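We number each residue from 1, following the sequence as shown. Since we're looking at a predicted model, the values are computed, not measured.
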Amino acid sequence: MSEKYKLVVIGAGPGGYVAAIRAAQLGIKTAIVEKEYMGGVCLNWGCIPSKALLYATELKRTIEGAKRIGVTADNVSIDLDKLRKHKDDTVKRLTGGVKLLLDKAGVKIFNGTASFVSATEIEIVNGNDKQKVEGENFVISTGTTPFELPMLKFDGKNIIGAREAISVPDVPKEMLVVGAGPIGVEMATVYQTLGSKVTIVEVLDAVLPLLDADISATSEKALKKQGMDILISSKVMDSKVANNKVKVTIETSKGKEEKTFDKVLVAAGMKPNSGGLNLEKFGVKLDDKGYIVVDKKMQSSVKNIYAIGDVAGGVLLAHKASHEGVVAAESIAGGAETADWKAVPYAVFTDPEIAGIGMTEKEAQASGRKIKVGMFPYRAVGKAIATLASDGFTKIISDADSDEILGIHIFGPHAGDIIYSGTIIMEMDGTAEDLSRMMAVHPTLSEALMEAAMNVDKRAIHIPN
């Protein structure tokens, strides 16, 4: 006889476990199914472990750069074994914390792979064990998986994805990163600092091509400054593995060239984990890429089945998944909350850090609005000069008629922390004038955001307008 719950969540990543905890808080009898590890990709192979690695490599670069102000240290190096242990300990602590939170909330945890038997029942397979669980409602939070390119098939050793890269099995002498999106540039930064000679190949015409053009251009310069080779408007045509080397043919604007690398990291996008759930058997609608189609309550075309996070498409961000999890849980409990956010921030943890929210300048122009743009360089901020953080800028795009902020983009240290104030003001329909009137603590890097807001109307104090 199968167990029965009012809500069953499939996938215990940052969307799923948050949905389960919020549902339990609302008095809903809840279960969650996870096929591998608590915390999903984000906690185990993505957001968290990558930041542990990026922090260590940033420290190395900071110490080496501090010679400029008289702080010297000879032969700065990173012990890979200790770095891996720090990463693994961080992951273990956080994933253990997720399980504890679920237990304390009274959420029943099932281990195994789920598939739907009907719209109200799933089968969970764990090795040779099978069991059925009934649910009045389901929240699908199964995430995404890296794309495998036909000319670069993963072998887990020479041609790898982010999951293998995050384990830092070794530091290759020559490394190719295919894809200059956030995952690609973050892992390129890690391996370049650890000692690899990194080449990035990007099929589109910019590094971080979906970001604001000023951010993309400045980021490319920063990566090249670290010693990377970057080939934009280029693509890998084929590859061959022999003697633990990968020989690739790359087509560039100048023609084809052959290069050999010790390791290739493919970071060319993600695909939804919607297959294998048997969703098509009872009418759950998918888009042409396999993402589950949902409304603003995160409800699919089948009224008792919801989908959140990466598998539901849109911007693939862990914090967005968590907020969608809350919306789904509250919708199931009868609430009126919807996933109708005006402001969804992002961050890319390169060096310097990048963060943003809202429209790029190109998108704002394409919307047909008249716009105003304010920019302010970190080099005009006292804290930035004092702390060797002067490479960077803030940029604000506003509507020329209403002064409503349409987009905020930051390139510089602590950008991911500073952007939160932008999230608040945009979510509250704030204007550049509003932001310019809000005090930033002196001396802090957040002053650059305040002054960019002032520069929208060309009245910044610490730069000529």
Chemist: Could Asp89 and Lys92 be called an ion pair, given the rule that one side-chain N must be under 4.0 Å from one carboxylate O?
Modeler: no

Chemist: What I want to find out is whether Arg459 reaches Glu433 closely enough, with some N-O distance under 4.0 Å, to be called a salt bridge.
Modeler: yes

Chemist: With rounding to the nearest 0.5 Å, note down the distance linking OH in Tyr55 to NE2 in His86.
Modeler: 7.5 Å

Chemist: If every non-hydrogen atom of Ala339 is compared with every non-hydrogen atom of Val327, which pair is closest and at what distance?
Modeler: N-CG1, 3.8 Å

Chemist: Please check if the number of heavy atoms outside Lys342 that lie under 6.0 Å from its NZ is greater than 12.
Modeler: yes

Chemist: Is any side-chain N of the basic residue among Asp170 and Lys263 closer than 4.0 Å to the acidic one's carboxylate O?
Modeler: yes

Chemist: Can you tell if the side chain of Asp214 reaches within under 4.5 Å of the side chain of Phe393, non-hydrogen atoms only?
Modeler: yes

Chemist: Please determine whether a side-chain nitrogen of the Lys or Arg among Asp229 and Lys197 lies less than 4.0 Å from a carboxylate oxygen of the Asp or Glu.
Modeler: yes

Chemist: Closer than 4.0 angstrom, basic N to acidic O: yes or no for Asp340 and Lys296?
Modeler: yes

Chemist: Does Ile183 CD1 have over 12 foreign heavy atoms under 6.0 Å away?
Modeler: no

Chemist: Can you check whether Glu404's main-chain N or O pairs, donor with acceptor, with Ser402's side chain at less than 3.5 Å?
Modeler: yes

Chemist: Say you draw a straight line from CE of Met298 to CD1 of Ile140; how long is it, rounded to the nearest 0.5 Å?
Modeler: 11.0 Å

Chemist: So how far is it from Phe411 CZ to Glu353 CD, rounded to the nearest 0.5 Å?
Modeler: 10.5 Å

Chemist: Can you tell if the side chain of Asn455 reaches within under 4.5 Å of the side chain of Ile463, non-hydrogen atoms only?
Modeler: yes

Chemist: I need the Thr260 OG1 to Asn243 CG distance, nearest 0.5 Å.
Modeler: 10.5 Å

Chemist: Salt-bridged, Lys247 to Glu258, with N to O below 4.0 Å?
Modeler: yes

Chemist: Taking Tyr346 as the fixed residue, which of Ile419, Ile354, Ile357 is the one that meets the side-chain contact (heavy atoms from CB on, under 4.5 Å) rule?
Modeler: Ile354

Chemist: Using the rule side chain to side chain donor-acceptor pair (under 3.5 Å), only one of Lys60, Lys67, Arg68 pairs with Glu64; which is it?
Modeler: Lys60

Chemist: Please determine whether the number of non-hydrogen atoms from other residues, nucleotides or ligands lying under 6.0 Å from atom NZ of Lys51 exceeds 12.
Modeler: yes

Chemist: Supply the atom-to-atom distance Met454 CE to His462 NE2, rounded to the nearest 0.5 angstrom.
Modeler: 8.5 Å

Chemist: Do the charged groups of Lys370 and Asp399 touch, with an N to O distance under 4.0 Å?
Modeler: no

Chemist: Looking at Glu36 and Arg163, is there a salt bridge between them, counting it only when a charged N and a carboxylate O are closer than 4.0 Å?
Modeler: yes

Chemist: A side-chain contact here means heavy atoms from C-beta on lying under 4.5 Å apart; do Met38 and Tyr17 qualify?
Modeler: no

Chemist: Evaluate the side-chain proximity of Val177 to Val201: yes if any heavy-atom separation is below 4.5 Å, no if none is.
Modeler: no

Chemist: What I'd like to find out is whether the side chain of Phe147 reaches to under 4.5 Å of the side chain of Val266, using heavy atoms alone.
Modeler: no

Chemist: Going from OG on Ser398 to CG on Asp457, what distance comes out if it is rounded to the nearest 0.5 angstrom?
Modeler: 7.0 Å

Chemist: Asp238: what forms a salt bridge (charged side-chain N to carboxylate O under 4.0 Å, His left out) with it, not counting sequence neighbours?
Modeler: none

Chemist: Under a 4.5 Å cut-off applied to non-hydrogen side-chain atoms, are Lys35 and Asn111 in contact?
Modeler: no

Chemist: Quick check: do Met228 and Thr199 have side-chain heavy atoms less than 4.5 Å from each other?
Modeler: no

Chemist: Contact between Ile396 and Met375 at the side-chain level, heavy atoms closer than 4.5 Å - yes or no?
Modeler: no

Chemist: For Asp403, check side-chain hydrogen bond (donor to acceptor under 3.5 Å, both in side chains) against everything at least two apart and list the hits.
Modeler: Lys372

